[in-house]
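What you see is a predicted model; the values in this text were computed from it and never measured. Just so you know, ligand 1 is whichever comes first in the structure, and atom 1 is the first atom listed for that ligand.
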Amino acid sequence: MWDPSHSFCKTSMSSLTNKRILLGVTGGIAAYKSAELIRRLQDRGADVRVVMTRAATEFITPLTLQALSGHPVHQDLLNAETESVMGHIELARWADLILIAPASANFIARLAQGHGDDLLTTLCLASESPIAVAPAMNQAMWANEATQENVAALASKHVRIFGPDEGLQACGEVGAGRLLDVDGIVLLTEKVFPSHLLDGKKVVITAGPTREAIDPVRYISNNSSGKQGYALAEAAIEAGAQVVLISGPTGLPAPDRSRRVDVVSADEMFDAVMKEVGDADIFIGVAAVADYKPVHREEQKIKKGDAPSNQVLRIDLIENPDIISGVGHLAGRPYTVGFAAETQNVVEYARKKLTKKNLDMVVANDVSDTSIGFNSDDNRITVLWADREVELPKLSKRNVATRIIELIAQGLREAGRS
Ligand code: CTP
């Protein structure tokens, strides 16, 4: 049963629960971000041990990382003290994943060459577990052919490359080479360990806006980017689901391993959903469906002179079908999850939608806050069920999606439908 005293981040659902992550920190200004990374990995349930190169200790102290990880920080290959706590071969075997963040150009070169002249490279050589590197360096160093060859060599040996990001660098230059943000590294780390939360489930998701034609060249629509729906599709795929993404016009690429059905209007979306939802286990309505459409679609383009004499052109609108309510009221419906974009009384209005549309779960967000919602990359949500609710912190849309999928899997289990 739901235990509200549980911090959301520490539910047993996390794909990093009990995972042993050996975090390698190499020299570079981004080394200070490893402190935050340790915390975020622990929040997701991981046990983190740290290895630092000598250069890394110039940027952040081993004591800081020892305090955060709760374990001695390993630095030297032949240090009697740390070897007696856990020898380097034992440490290599202990790790479910070796994550090097930040990874300097020099470290990447040495790893690509198979060096074993310090503790971190030796551990990488001795471990049979997956290895991931999150590069962080000056943009010219990243673009350098030698670095690119080294990265390609690592990728060909199945070393995962997390990032780098683009943007303003510590040296004042702009370009690719920045350490990926901590949220992004955590998400990619989770993807190393597939969650299997929705293995074999069919998930139908609507995303994006709809367009309601006024005439052959004009339409009524809204600002939905489709990003949240697409991110949910990706998170569901990562969790092992078969995903059908029914999408309004967005310009976003279809996620790999999904089946996308392109639609334009709410009526088309309704038909596509009803065709797919019969054998679905889960339906997630993320689309910003236009509530109204013109009663008549003009056959020809409306001309300026077409307005009556007072120059007021009226377009009569009629309600569109409510797609998710249609699914919610089907006999034998799938686990049905709606979104509620509100500008006021967020939780109260979301709860009304839960009841009226007969949903299992509603994800509510406040679209009056421009730093989240519609065209932003971040989102802050509250998730509601008939008997409870949980508020999540502000997260990237990718991370929000992963959390929502975990909560859906949990809801499905509690409803005895998993
Ligand atoms: N929805 C739908 N079909 C519609 C309208 C909305 O499937 N015709 C779904 C959305 O995909 C979302 C949920 O209903 O999952 C809530 O959408 P929202 O626009 O917030 O609510 P509305 O029902 O349109 O109510 P209002 O606009 O009055 O807030």
For the residue pair Ser368 and Asp366, confirm or rule out a side-chain donor-acceptor distance under 3.5 Å.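 There is such a pair between these side chains.
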Residue pair Thr147 / Glu145, side-chain donor-acceptor N/O under 3.5 Å: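 Absent: no donor and acceptor within the cut-off.
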Mark yes when over 12 heavy atoms from residues, nucleotides or ligands other than Glu348 sit less than 6.0 Å from its CD; otherwise mark no.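 Enclosed: over 12 neighbouring heavy atoms sit under 6.0 Å from CD of Glu348.
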Find out whether Arg297 and Pro216 are in side-chain contact, i.e. whether some heavy atom of one side chain is under 4.5 Å from a heavy atom of the other.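 The answer is yes; the side chains approach within 4.5 Å.
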Is there a donor-acceptor contact under 3.5 Å from the side chain of Ser127 to the main chain of Cys124?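 Checking the backbone N and O of Cys124 against the side chain of Ser127, no donor-acceptor pair under 3.5 Å is found.
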With Arg351, which residues qualify under salt bridge (charged side-chain N to carboxylate O under 4.0 Å, His left out), at least two apart?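 Expected list: Glu389.
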I need the contact residues for ligand 1: any residue with a non-hydrogen atom closer than 4.0 Å to the ligand, ordered by chain then number.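 Its neighbours under 4.0 Å (heavy atoms only) are Gly285, Ala287, Val289, Asp291, Pro321, Asp322, Ile323, Ile324, Gly338, Phe339, Ala340, Ala341, Lys353, Lys357, given by chain and number.
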